[in-house]
2 protein chains.
Amino acid sequence: MTFEDFKRMVSVSKEEICRKILEGNRDKIKVKKEKKVVENLVKIFDATLEISNREGFSNMTVRNLSKKAGLSMGALYSYFSNKDELLEMIQAQGREISRRVLETQIGPIDDPREKLRRAIQSHLYLSEAMQPWFYFSYIEARNLSKTEQKKAIASEIDSETVFLEIIEEGIRRGFYAVKDITLVAPVLKAMLQDWYLKRWKYKQRKITIDQYADFVVDFIEQYLSK
Amino acid sequence: MTFEDFKRMVSVSKEEICRKILEGNRDKIKVKKEKKVVENLVKIFDATLEISNREGFSNMTVRNLSKKAGLSMGALYSYFSNKDELLEMIQAQGREISRRVLETQIGPIDDPREKLRRAIQSHLYLSEAMQPWFYFSYIEARNLSKTEQKKAIASEIDSETVFLEIIEEGIRRGFYAVKDITLVAPVLKAMLQDWYLKRWKYKQRKITIDQYADFVVDFIEQYLSK
DNA sequence: GTCTATACATAGATAGAC
DNA sequence: GTCTATCTATGTATAGAC
């Protein structure tokens, strides 16, 4: 599967995402016309991600957001009741999509080696297709409330566990060498995150997503091979 | 060399660091008594790092800082002329110390394999000894002015180049396999950074710094080995 | 549903007494 | 060298007209 195939398969269009956000937040959003809501949510999240990823969420004023999104301040507050709620909505949706996509991508695969490759690839592809969301989620997690921070941490641990279990299965089935793998999943996560955290670096050096994916897979497999 | 040896060798005490900051900023700091300055700078940076690493630099108010540092707001402004300058001072000092320590630690070593190991170890040890500084520098780099951001990027590239050149030398001298190493240094950096960015994770799992260092060295060497 | 106008709080920064 | 008091700008959030 290429990156283009991936984008077609998983529905990560802005409208799609905003429709899901609406579903999960009917109580918080005051406006009732579904079409209108989705339309405006796209504007709001686009603007929020753009401003925040440039100058930080706490430096983004609602006035700035209003201007960039093309909605008045009053109108904005019909879609969220305060700034923190806006932050939470984006974070929650990011987690939800990650979990779902990863699950559907690797669920059916049996061979642990193939499964590991696809898990790495899917993770990178998804973070590429939704780069602003992933960057935002990582960087702004610190601005969440204590309870929401716990959810972010749980999500990180969760996706790490997915990798760990694939590797353990690979060892059990004799595909990988028997060795201490405590730190493999954590550093693998770090490598995957670096792709969207340091986009500037890889762009500048003209590294494609497939080159990066191949490298990470190769790197990990060398370590796990007997 | 153990972590304890390292801390004794390189002078990374708060006073030491603040004395260096004073040297580089005599023009910006209005107070003249050297002893007093160092004493207060320690309080100011301690408080800044503590508050910022918890809730972000932009969410830290000068009032909060004043309270935590035990100095009035008026007094604070004798040590920096505005909040951004405070940010820059910390960042500049972090870069300077990193560069210097890394250089002195690996400078004299000849064998590329030994050099690579020491570079990884020193980098981790330093980031451990100065964890709040490193965390702050990474996270708050985005709040710097465009010119200062360029310096931060240059510093990242610079330390990456150190690793790259050691590895190239290792290949030339026949210690490592001849293969494409374009992405080795970037992901190595990502792994080193993860240690101070996700302190909570490694602490919780009781991973020691030496365990982590050994793993990263092993991981990289497996990949580079013929 | 969306706007404008505004209330109210809190931010960064400084002046002038001590 | 340090403090308190205060200025001014800007922040979030809402009320009420359209």
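First the proteins, then the strands, lettered A, B, ... as listed; each starts at 1. Values in this document were obtained by computation on a predicted structure and should not be read as measured data.
Per the geometry, CG belonging to B:Asn59 stands 14 Å off P belonging to D:dG11, to the nearest Å. Rounding to whole angstrom units, CG of residue B:Leu76 and P of D:dC3 are separated by 9 Å. Rounding to whole angstrom units, CG of residue A:Leu71 and P of C:dG1 are separated by 13 Å. The OH-C1' distance, from B:Tyr79 to D:dG1, rounds to 7 Å in whole Å. Between A:Ile29 atom CD1 and C:dT2 atom C1' the separation is 16 Å, expressed in whole Å. To the nearest angstrom, P of C:dT2 lies 9 Å from NZ of A:Lys33. If you take CG of B:Asn64 and P of C:dA13, they are 15 Å apart, rounded to a whole angstrom. As a whole-Å value, the separation of A:Lys67 NZ from C:dC3 P is 15 Å.
Across all strands, B:Lys30 comes closer than 4.0 Å to no nucleic acid atom at all (heavy-atom distances). Looking at heavy-atom distances under 4.0 Å, A:Thr61 makes contact with sugar-phosphate atoms alone, never a base.
The distance from the NZ atom of A:Lys43 to the NZ atom of A:Lys68 is 14.0 Å, given to the nearest 0.5 Å.
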May I have the step-by-step check of salt bridge (charged side-chain N to carboxylate O under 4.0 Å, His left out) for A:Glu16 and A:Lys7, ending in yes or no? CA-CA 13 Å; A:Glu16 204 82 41; A:Lys7 277 195 287 189; over 6 Å; no
Might you work through the salt bridge (charged side-chain N to carboxylate O under 4.0 Å, His left out) test for A:Glu50 and A:Arg54, ending with a clear yes or no? CA-CA 6 Å; A:Glu50 196 200 306; A:Arg54 203 179 52 239; 3.3 Å; yes
Begin from the C-alpha positions of B:Ile167 and B:Leu164 and carry the test side chain to side chain contact (heavy atoms under 4.5 Å, CB included) through to its verdict. CA-CA 5 Å; B:Ile167 294 168; B:Leu164 180 65; 5.5 Å; no
Can A:Arg19 and A:Glu23 be said to form a salt bridge (charged side-chain N to carboxylate O under 4.0 Å, His left out), step by step? CA-CA 6 Å; A:Arg19 211 179 309 279; A:Glu23 279 170 35; over 6 Å; no
Show, in sequence, the C-alpha distance, side-chain angles and deciding distance for B:Gln105 and B:His123, and conclude whether the side chain to side chain contact (heavy atoms under 4.5 Å, CB included) test is met. CA-CA 9 Å; B:Gln105 288 296 306; B:His123 208 293; over 6 Å; no
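Across A:Leu126, A:Asp158, A:Val162, a single residue satisfies side-chain contact (heavy atoms from CB on, under 4.5 Å) together with A:Leu102, and that is A:Leu126.
Of the candidates C:dT2, D:dT12, D:dT4, the closest approach to any side-chain atom of A:Asn40 belongs to C:dT2.
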Please tabulate the protein-to-nucleotide N/O contacts below 3.5 Å involving nucleotides 13-16 of chain D, giving atom names and distances.
| unit_1 | atom_1 | unit_2 | atom_2 | d |
| --- | --- | --- | --- | --- |
| D:dA13 | OP2 | A:Tyr77 | OH | 2.9 |
| D:dA13 | OP2 | A:Lys83 | N | 3.2 |

